[in-house]
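Counting starts at 1 for both ligands and their atoms, in listed order. If you're wondering where the values come from, they're calculated on a predicted model, not measured in any experiment.
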Amino acid sequence: MMIVLSGTIGAGKSSLATILSKHLGTEAFYEQVDDNPVLPLFYADPKKYAFLLQIYFLNKRFESIKQAMSDDNNVLDRSIYEDSLFFHMNADMGRATPQEVKVYDELLDNMMQELPYAAAKKAPDLLVHIDISYDTMIKRIEKRGRDYEQPEQDPSLVEYYHELLGRYDGWYDDYDYSPKMKIDGDKYDFVENPDDLKIVLAQIDNELASRGVVEK
Ligand SMILES: Nc1ncnc2c1ncn2[C@@H]1O[C@H](COP(=O)(O)OP(=O)(O)O)[C@@H](O)[C@H]1O
Ligand SMILES: Nc1nc2c(ncn2[C@H]2C[C@H](O)[C@@H](COP(=O)(O)O)O2)c(=O)[nH]1
């Protein structure tokens, strides 16, 4: 069983991936952020590093999917399907040239055709999207405390985060690679509140059961 999580920065993907993998007895695969050498460079100079960062992320995501596919029961804390959302948003904000967009789109298309589960005619069993409001997003970014992500240090991030969050609704609606469900990340504090956690896990269990998804 392969479950992928999605959601904006600070939505709770890594936290839920940890909890969910323990609950399901599967392995969690995380987006390695803190050892990402390009991410701080991007936040310091988005125009210069948007394309390099996206190629870095795409490569790392592809690597983690191949690792995840080596064992069939796992949870990925971000889907590769969001890669394009981030890059096209940065391109629309003038941080990538039309040539870079063309090269990126062609590379992504080739890689998506080679995804192990695409080759095995197998998409993720379920996408779990964590929905949060802008205020919650900022609170979580502050709570997690990565300095380069803080709007206080870079006010241009207010517009960036609003734009990013705004694109996720359409992204989720258009997502059709697998069954999908939403978790209300504002309503349920599945990190600090055990009762909320029980509700969220029951929602996911019910969705998996309703689709006949069982651990292989
Ligand atoms: N549902 C939640 N309720 C309260 N705090 C949360 C929730 N989800 C995540 N957090 C906290 O918000 C921060 C970001 O969570 P994280 O799992 O790293 O998000 P993401 O992986 O989506 O960026 C962490 O400090 C985490 O403890
Ligand atoms: N430009 C891009 N930035 C990305 C991408 N994926 C993640 N990120 C950034 C956003 C955060 O600063 C950090 C970690 O993301 P979380 O959602 O785990 O908080 O990395 C991307 O594809 N492009």
Side-chain angles (χ1 to χ4, degrees), residues 4-21 28-62 64 75-96 100-101 104 107-108 111 127-133 135-151 153-154 156-157 160-161 163-165 167-168 171 182-201 203-204:
V4 289
L5 304 185
S6 61
T8 188
I9 302 171
K13 299 179 297 296
S14 309
S15 303
L16 186 55
T18 302
I19 296 163
L20 195 51
S21 61
F29 287 81
Y30 303 95
E31 189 176 60
Q32 297 307 320
V33 181
D34 296 324
D35 60 0
N36 178 331
V38 185
L39 195 56
L41 298 176
F42 163 74
Y43 277 102
D45 188 345
K47 207 170 171 69
K48 184 172 178 183
Y49 290 104
F51 181 67
L52 177 63
L53 178 64
Q54 212 55 53
I55 299 303
Y56 181 93
F57 267 118
L58 186 56
N59 183 42
K60 291 297 176 188
R61 286 177 178 140
F62 195 70
S64 71
V75 181
L76 278 78
D77 80 338
R78 175 169 255 139
S79 71
I80 196 168
Y81 308 109
E82 293 159 271
D83 213 88
S84 179
L85 179 153
F86 272 94
F87 184 62
H88 278 267
M89 177 183 75
N90 276 289
D92 292 346
M93 294 173 84
R95 295 159 171 190
E100 287 172 331
V101 172
Y104 171 82
L107 174 61
L108 178 65
M111 291 177 79
L127 175 105
V128 179
H129 181 70
I130 309 171
D131 228 0
I132 58 171
S133 62
D135 289 347
T136 300
M137 179 182 179
I138 297 303
K139 269 193 221 127
R140 299 273 174 76
I141 288 171
E142 287 167 354
K143 178 178 177 187
R144 185 169 58 192
R146 285 194 197 115
D147 57 359
Y148 50 76
E149 293 175 342
Q150 305 307 316
Q153 299 205 17
D154 175 1
S156 73
L157 289 175
Y160 185 70
Y161 292 151
E163 182 67 28
L164 178 65
L165 189 61
R167 293 190 180 217
Y168 261 103
W171 176 85
K182 273 188 179 179
I183 295 289
D184 185 334
D186 280 353
K187 184 174 177 185
Y188 300 112
D189 179 350
F190 48 77
V191 170
E192 317 274 352
N193 182 322
D195 293 337
D196 285 355
L197 173 57
K198 277 202 193 92
I199 293 168
V200 166
L201 290 176
Q203 288 175 354
I204 297 170

Ile9 and ligand 2 - part of the residue with a heavy-atom distance under 4.0 Å:
both
Is a side-chain donor-acceptor pair under 3.5 Å present for Ser64 with Tyr30?
no
Are more than 12 heavy atoms, taken from residues, nucleotides or ligands other than Lys48, located less than 6.0 Å from that residue's NZ atom?
no
Counting only heavy atoms on the protein side, is anything nearer than 4.0 Å to atom 2 (C) of ligand 1?
yes
Which heavy atom of the protein is the closest neighbour of atom 6 (N) of ligand 2, given with residue, atom name and distance?
Arg61 NH2, 2.6 Å
Please tell me if the side chains of Tyr148 and Phe42 come closer than 4.5 Å, counting only heavy atoms from C-beta onward.
no
Have a look at ligand 2 and work out which part of Glu82, if any, has a heavy atom under 4.0 Å from it: side chain, backbone, both or neither.
neither
Any heavy atom of Asp77 under 4.0 Å from ligand 2? The part involved is neither
Looking at Asp34 and Arg146, does any basic side-chain N land under 4.0 Å from a carboxylate oxygen?
yes
Tell me whether the rings of His88 and Tyr104 are parallel (<30°), tilted (30 to 60°) or perpendicular (>60°).
perpendicular
Please state which protein non-hydrogen atom is closest to atom 1 (N) of ligand 2 and give its distance, to 0.1 Å?
Leu53 CD2, 3.4 Å
What residues form a salt bridge (Lys or Arg N to Asp or Glu O under 4.0 Å) with Arg78, not counting sequence neighbours?
Glu31, Glu82
Using a 4.0 Å heavy-atom cut-off, which part of Met89 comes near ligand 2: side chain, backbone, both, or neither?
neither
Quick one: look up the protein heavy atom nearest atom 3 (N) of ligand 2 and list residue, atom name and how far away it is.
Phe86 CD2, 3.5 Å
Where on Phe87 is there a heavy atom closer than 4.0 Å to ligand 2, on the side chain, on the backbone, on both, or on neither?
neither
Of all protein heavy atoms, the one nearest atom 13 (C) of ligand 2 is Glu149 OE2, 3.6 Å
Under 4.0 Å, heavy atoms only, figure out whether ligand 2 is touched by the backbone of Tyr160, its side chain, both or neither.
side chain
What is the nearest protein non-hydrogen atom to atom 27 (O) of ligand 1, stated with its residue, atom name and distance?
Lys143 NZ, 3.7 Å
Identify, for atom 26 (C) of ligand 1, the protein heavy atom at the shortest distance, and state residue, atom and that distance.
Ser15 OG, 3.7 Å
Tell me the protein heavy atom at minimum distance from atom 12 (O) of ligand 1, and give that distance in Å.
Arg140 CD, 2.9 Å
What residue and heavy atom of the protein are closest to atom 9 (C) of ligand 2, and at what distance?
Leu39 CD1, 3.9 Å
Top protein contact for atom 21 (O) of ligand 1, by heavy-atom distance
Ser14 OG, 2.7 Å
Heavy-atom contact check, 4.0 Å cutoff: does Ala11 meet ligand 1?
yes
Ser133-Asp135 side chain donor-acceptor pair, cut-off 3.5 Å
no
Of the protein's non-hydrogen atoms, which lies at the shortest distance from atom 18 (O) of ligand 2, and what is that distance?
Glu31 OE1, 3.2 Å
Starting from atom 16 (P) of ligand 2, what is the nearest protein heavy atom, named by residue and atom, and what distance separates them?
Arg78 NH1, 3.5 Å
Heavy atom of the protein closest to atom 23 (N) of ligand 2 (residue, atom name, distance)
Gln54 OE1, 2.8 Å
Nearest non-hydrogen protein atom, atom 9 (C) of ligand 1:
Gly12 CA, 3.5 Å
Glu192 and Lys143 ion-paired at < 4.0 Å:
yes
Could an N or O of ligand 2 be found under 3.5 Å from any N or O of Tyr148, whether backbone or side chain?
no
Is a donor from one side chain sitting under 3.5 angstrom from an acceptor on the other, for Asn90 and Tyr160?
yes
What is the nearest protein non-hydrogen atom to atom 4 (C) of ligand 1, stated with its residue, atom name and distance?
Asp189 OD1, 3.1 Å
Do any nitrogen or oxygen atoms of Gly10 lie less than 3.5 angstrom from nitrogen or oxygen atoms of ligand 1?
yes
Closest non-hydrogen protein atom to atom 18 (O) of ligand 1, residue and atom name please, with distance?
Arg144 NH1, 3.0 Å
